[in-house]
Amino acid sequence: MTVTRRALPALALAPLAAPALAQARFPDRPITVVVPFAAGGPTDTVARLVAEAMGRDLGGTVVVENVGGAGGTLGAQRVAQARPDGYTLLVHHIGMATIPTLYRRLAYDPVNGFEPVGLITEVPMTLVGKRTIEANTMAELVALVRRQGDRINLANAGVGAASHLCGILFQSALNLPLTTVPYRGTGPAMNDLVGGTVDLMCDQTTNTTEQIRAGTIKAFAVTTPTRVASLPDIPTTREAGMPNFEVSVWHGLYAPRNTPAEIVTRLSGALQVALRNEALVRRFADLGTDPVAQEKATPAAHRAFWQADAARWRPIIQAAGQFAD
Ligand code: MLT
């Protein structure tokens, strides 16, 4: 090889420039997104779709790890205590707003332990039952529950989970307590609902739509003010005469506190690109939801929304006096 004199300065600079570039490149190894519920459930579904699309924009691999249990607090703790370098992230839902009040003793800071990266989506919920339950409409279900009371059970994913909050609203609309059966996520709970081991569950359309369409479970109502386009035959709780039984579940992406701002900005940019990905938008629509508007997939909008929702839930939980400890 002939090295000309003009090439020499560039060659001389190369050993210095390479490490600087390597440091600037983010990500230079796989990113882990922790889902604080079991695999196969609604948070897992949302996180996997987002992780795949973000990986494409970031030019790297984004893997999902399920750390379920304790109503979504174990997985959140893992991320709050991770190195703040952008390589360990969390996808969590409305529980981020309720857990700070519901749980008075936690091994991590549920308010200041995270940097919000951006909101992802808001998902309607459905009240669903096992295929053999002896009711086909909400009115028939209410009559059955009133007749059989504590013999009817209601699955959820633990205190603070969306299925738990939704179940509380159902029980307070009925003014009747039901026996609840907690799981590490509504993915495994759905298996038991389909198998007929549990009677009822309140869960997000991202976990229930395909089972409802396949007829493996019965749907009684959607918990949004208007019907869900992908499930047009299912009445709303409002139509069923339960106007206070309404809830939908927002999801967001988080990094540990003190993650450098430029990394949070890069992740937020990748999230915004992911939420415009055609395949993701189509799949979300199929499962009864839409990505948030681009301006909501930002750290500032996410922080403001999260804080406002936590403030909305605090007095409700305190007045109910139902704490997880
Ligand atoms: C899950 O992913 O299992 C659910 O989001 C749990 C829940 O909050 O109900």
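We count ligands from 1, going down the list as the structure has it; atoms in each ligand are counted the same way.
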What atoms of ligand 1 come closer than 4.0 angstrom to any heavy atom of Ala161?
7 (C), 8 (O), 9 (O)

In terms of residue, atom name and distance, what is the protein heavy atom nearest to atom 3 (O) of ligand 1?
Thr186 N, 2.7 Å

Geometric N/O contact Gln204 with ligand 1, under 3.5 angstrom
yes

What protein heavy atom sits nearest atom 2 (O) of ligand 1, and how far off is it?
Thr43 OG1, 2.7 Å

Among Ala162, Pro36, Cys202, which residue places a heavy atom closest to atom 7 (C) of ligand 1?
Ala162

So, Glu140 and Arg147, do they make that salt bridge, N to O below 4.0 Å?
no

Ligand 1 atoms nearer than 4.0 angstrom to some heavy atom of Gly185 are 3 (O)

Ignoring angles and geometry beyond distance, decide whether Ala38 reaches within less than 3.5 Å of ligand 1 through its nitrogen or oxygen atoms.
no

For Arg238, what residues pass the side-chain contact (heavy atoms from CB on, under 4.5 Å) criterion, not counting sequence neighbours?
Pro225, Thr236, Pro243, Glu246

Under the ring pair (Phe, Tyr, Trp, His ring centres under 6.0 Å) definition, can you give me all pairs with a residue in residues 166-203, not counting sequence neighbours?
Phe170-Phe245

Side chains of Thr43 and His251, heavy atoms from C-beta outward: is any pair under 4.5 Å?
yes

Would you say Val123 and Met201 are hydrophobically clustered, going by side-chain heavy atoms of ILVMFWY under 4.5 Å?
no

Any idea which part of Ala157 is under 4.0 Å from ligand 1, heavy-atom wise: side chain, backbone, both or neither?
side chain

Assess, by modelled atom type and distance only, whether the side chains of Thr208 and Thr126 contain a donor and an acceptor separated by less than 3.5 Å.
yes

Check for me whether the distance between the ring centres of His92 and Phe114 falls short of 6.0 Å.
no

May I have the step-by-step check of salt bridge (Lys or Arg N to Asp or Glu O under 4.0 Å) for Glu52 and Arg48, ending in yes or no?
CA-CA 6 Å; Glu52 198 198 328; Arg48 282 178 197 274; over 6 Å; no

Say whether His164, considering both its backbone and side-chain N or O atoms, lies within less than 3.5 Å of an N or O atom on ligand 1.
no

Please verify whether a non-hydrogen atom of Pro42 lies at under 4.0 Å from ligand 1.
yes

Can you check which of Met190, His92, His93 brings a heavy atom nearest to atom 8 (O) of ligand 1?
His93

Identity and separation of the nearest protein heavy atom to atom 9 (O) of ligand 1:
Ser163 OG, 2.6 Å

